[in-house]
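Let me begin by presenting the structure, written as structure tokens, before commenting on it.
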2 protein chains.
Amino acid sequence: MKDVASAAGVALKTVSRVVNGEPGVHPGTAERVREAIERLGYSRNESARVLRRGRTSTVGLVIEDLADPFYSVLGRAVEDVTTAHGCLLLSGSSNEDPVRERELIRTFCARRVDGLIVVPAGEDHSFLRPELDAGTPAVFVDRPPGPGVDVDTVLCDNAGGARLATRHLLAHGHRRIAFLGDRPSIHTAARRLHGYRAALGRLFDERLVSMRAPVPRDVRADLDRMLALDSPPTALFTGNGRITMTALRALEGRRMALVGFDDFELADLLRPGVTVVAQDPTSMGGLAAELLFRRLSGDTGPAEHLRLPVRVIRRGSGELPP
Amino acid sequence: MKDVASAAGVALKTVSRVVNGEPGVHPGTAERVREAIERLGYSRNESARVLRRGRTSTVGLVIEDLADPFYSVLGRAVEDVTTAHGCLLLSGSSNEDPVRERELIRTFCARRVDGLIVVPAGEDHSFLRPELDAGTPAVFVDRPPGPGVDVDTVLCDNAGGARLATRHLLAHGHRRIAFLGDRPSIHTAARRLHGYRAALGRLFDERLVSMRAPVPRDVRADLDRMLALDSPPTALFTGNGRITMTALRALEGRRMALVGFDDFELADLLRPGVTVVAQDPTSMGGLAAELLFRRLSGDTGPAEHLRLPVRVIRRGSGELPP
DNA sequence: GCTCACATGGACAACGTTGTCACCCTTCCT
DNA sequence: AGGAAGGGTGACAACGTTGTCCATGTGAGC
């Protein structure tokens, strides 16, 4: 900028004014400055600007895995809103690791992001307190923060969706319905188990429940164990997209009723089509980002807790008889 | 930092030394400083640090669409390498729009990212010249930059893969093989058309070629048109993952040989399984990032041009007879 | 001719860090 | 005792921008 100023024969501040479109610059002078900028290929140093102004126009996004279709769609929705507000997106994958999650958030905060959107991995977010108090807003998506941290959240109706799925299978005559879910420490998995259990009532049988990381081999082993029971399951409720796919592979050929939580690409092309309880990651990401920007524009009301509805999409697998 | 300094009764510089783990600080003093840092909840302001040091430890990633499985997997690979080098990732989706692409790159450069990884949308990247000359390295992935810009690239063997796919269908007895590809302005689509055409030789018939944006309705219309020909195609070669899925939906039930470019989740679970020419987005992203960091650590050798191999994965659809 | 307002331009400090250099105080050697 | 060596510490400038305040020039209104 100094170079531009001397090239155009004006003071530093005048260049700054031109660059920022501030009023009070003679059109002729402004033109000379612009010409010099063009000629020198100058572009404003945002780091210095940030330092001076205090706002980075950057939002930090922490998700579980950028490569997971659910989260990448969610992330894309966040990006769109962020862009619309003239901000950039710093993103990172926590890999379901609380340590990594915390590290990411701390790094983002050290860079003074204007706000955070987090799909939490850990169960304790008290470390966020100083940042929140310092005025950096955060919105939690998909899962709530740990106790004692009261921020905006955007969740889906996990328990309700699981009830829907389970009732759907019950309505089609099933009495032995297995649940394959993710680790119980994951909030969504726990809520879905809860809804499943509530819908089953006295039909609940813990031998038909498996909750673990979606590793194909393990899920398959649990499934085999259940199928070897005296009264094996006649239907499956799978607790998330990845587990649904693993289960589909494990079932390979065997025709069994199945409802999965989370919709996924090609679910309609399989035979039978896969009936799912669908949430809407685009809405979730978009709403979370909107909430964040509302905070950034000064809203200091009490924390909002959005719970998005889910819906059953019938495609065949959930309508198979026992 | 100033507050920490006065709280600990030391000079600014001493705090800086402690924060950066520089040697030459008395253990007792360091302890006092750390205690003050803890008590005040201080965290270093990266913006100021960046301003002073000149390096942002940030990489900018421009891809076509964060929500597309191919690119999100690629992005994840970039993220992993970036993280391993202690850097953060700024990412943005170009939406296949050259204007947006340029805007993103300019914004990233204004923020002084240390380097860029770009899946280009446009055909002219001369606007990058000043940045490149200023020492900001860039690596292009999946598609090469426009003419006159000589930077590292990581591409896959598009023409070779298309030849493989086409020959595969030829070997299974097909003579009428249609090609459904993306817009010819997209480098990968053009190269794949080229390979397809080369493999077909005199069997090439331009009535069996459709190149357009992967909009289901349009692709379906083109497909219907081809099927209504006197000598309709007996096999399909689809030019990318999205088009493959669109075609699969359009074929709905009709049994026709098909080989797709790009592998995708669940391709193995469809009946018949979908034979594909697979590239490896994880390797592509990872290699691109490695290349970038090699540049960042001072390598000034001539631009490297990596071309990754592709492989045919047989799953059934490509082995159907005419 | 005077003041006053306005348009334009510039000097300077500040944002929070880090690199450079100089200082002080031991300790040890001669 | 005097000096050299070196560890520990601090003062200060600089990074590139922007906000504040002041200076100058110009024209209108009294």
Side-chain angles (χ1 to χ4, degrees), chain A residues 1-37 40-58 106-114 130-131 134-136, chain B residues 1-34 36-37 40-58 86 106-114 130-131 134-136:
Chain A
M1 185 178 265
K2 203 162 47 179
D3 299 341
V4 173
S6 56
V10 297
L12 222 56
K13 181 62 200 178
T14 303
V15 179
S16 171
R17 275 195 264 260
V18 172
V19 169
N20 292 302
E22 287 172 31
V25 179
H26 189 87
T29 314
E31 195 39 56
R32 260 195 0 265
V33 171
R34 264 190 291 273
E35 191 269 336
I37 287 176
L40 298 179
Y42 163 83
S43 105
R44 181 169 59 195
N45 183 322
E46 290 293 329
S47 304
R49 176 167 222 248
V50 158
L51 178 59
R52 189 63 235 256
R53 316 246 330 227
R55 275 221 165 180
T56 53
S57 294
T58 307
R106 286 202 340 152
T107 314
F108 286 165
C109 287
R111 303 225 176 181
R112 300 293 186 270
V113 292
D114 291 341
E131 317 295 346
T136 305
Chain B
M1 185 177 265
K2 203 161 48 180
D3 298 342
V4 173
S6 57
V10 297
L12 222 55
K13 182 61 201 181
T14 301
V15 179
S16 172
R17 275 195 263 261
V18 172
V19 169
N20 293 299
E22 287 173 31
V25 178
H26 189 85
T29 314
E31 195 39 54
R32 267 202 346 274
V33 170
R34 264 191 289 273
I37 287 177
L40 298 179
Y42 163 83
S43 103
R44 180 170 60 196
N45 183 320
E46 290 295 327
S47 304
R49 177 168 221 249
V50 158
L51 178 59
R52 189 60 235 257
R53 315 241 335 220
R55 277 220 164 179
T56 54
S57 295
T58 307
R106 285 200 342 152
T107 313
F108 286 164
C109 287
R111 304 227 176 179
R112 300 291 187 271
V113 293
D114 291 341
E131 316 296 346
T136 306

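To find a chain, count down the sequence lines: A is the first, B the second, and so on, and within it residues start at 1. All heavy atoms count here, side chains included; hydrogens, waters and symmetry mates do not.
B:Ser57 meets the side chain to side chain donor-acceptor pair (under 3.5 Å) test with no other residue; sequence neighbours excluded. B:Arg34 is linked by a salt bridge (Lys or Arg N to Asp or Glu O under 4.0 Å) to B:Glu31, counting only residues two or more places apart in sequence or in another chain. For A:Arg44, the salt bridge (Lys or Arg N to Asp or Glu O under 4.0 Å) partners at least two apart in sequence or on another chain are A:Glu46.
The minimum heavy-atom distance between A:Val10 and A:Arg32, with the atom names listed, is CG1-NH2, 3.4 Å. Nearest heavy-atom pair, A:Arg17 versus A:Val25, reported as atom, atom and distance to 0.1 Å: CB-CG2, 3.7 Å. Pairing each heavy atom of B:Val113 with each of B:Thr136, the nearest pair is O-CG2, 3.8 Å.
Under 4.0 angstrom from either OP1 or OP2 of D:dG10 there lies at least one side-chain N or O belonging to B:Thr14.
From one end of the helix from C:dG1-D:dC30 to C:dT30-D:dA1 to the other, with five pairs defining each end axis, the axis direction shifts by 60° (rounded to 10°).
The structure places CZ of A:Arg111 at 9.5 Å from OG of A:Ser47, a figure rounded to the nearest 0.5 Å. Here the straight-line distance linking atom CG of A:Asp3 with atom CG of A:Leu12 works out to 10.0 Å at 0.5 Å rounding. Put simply, CZ on A:Arg52 and CG on A:Asn45 are 14.5 Å apart, with the number rounded to the nearest 0.5 Å. Atom CE of B:Met1 is separated from atom CZ of B:Arg49 by 9.0 Å, given to the nearest 0.5 angstrom.
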- Task: Spell out protein contact along nucleotides 14-28 of chain D as letters: B when the base is contacted, S when just the sugar-phosphate is, - when no protein heavy atom is under 4.0 Å; keep the 5' to 3' order.
- Result: BBBBBB---------
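Remark: A:His26, A:Thr29 in residues 26-36 of chain A come within less than 4.0 Å of DNA chain C through at least one heavy atom.
Residue A:Val50 is out of contact with every strand shown, counting any heavy-atom pair closer than 4.0 Å.
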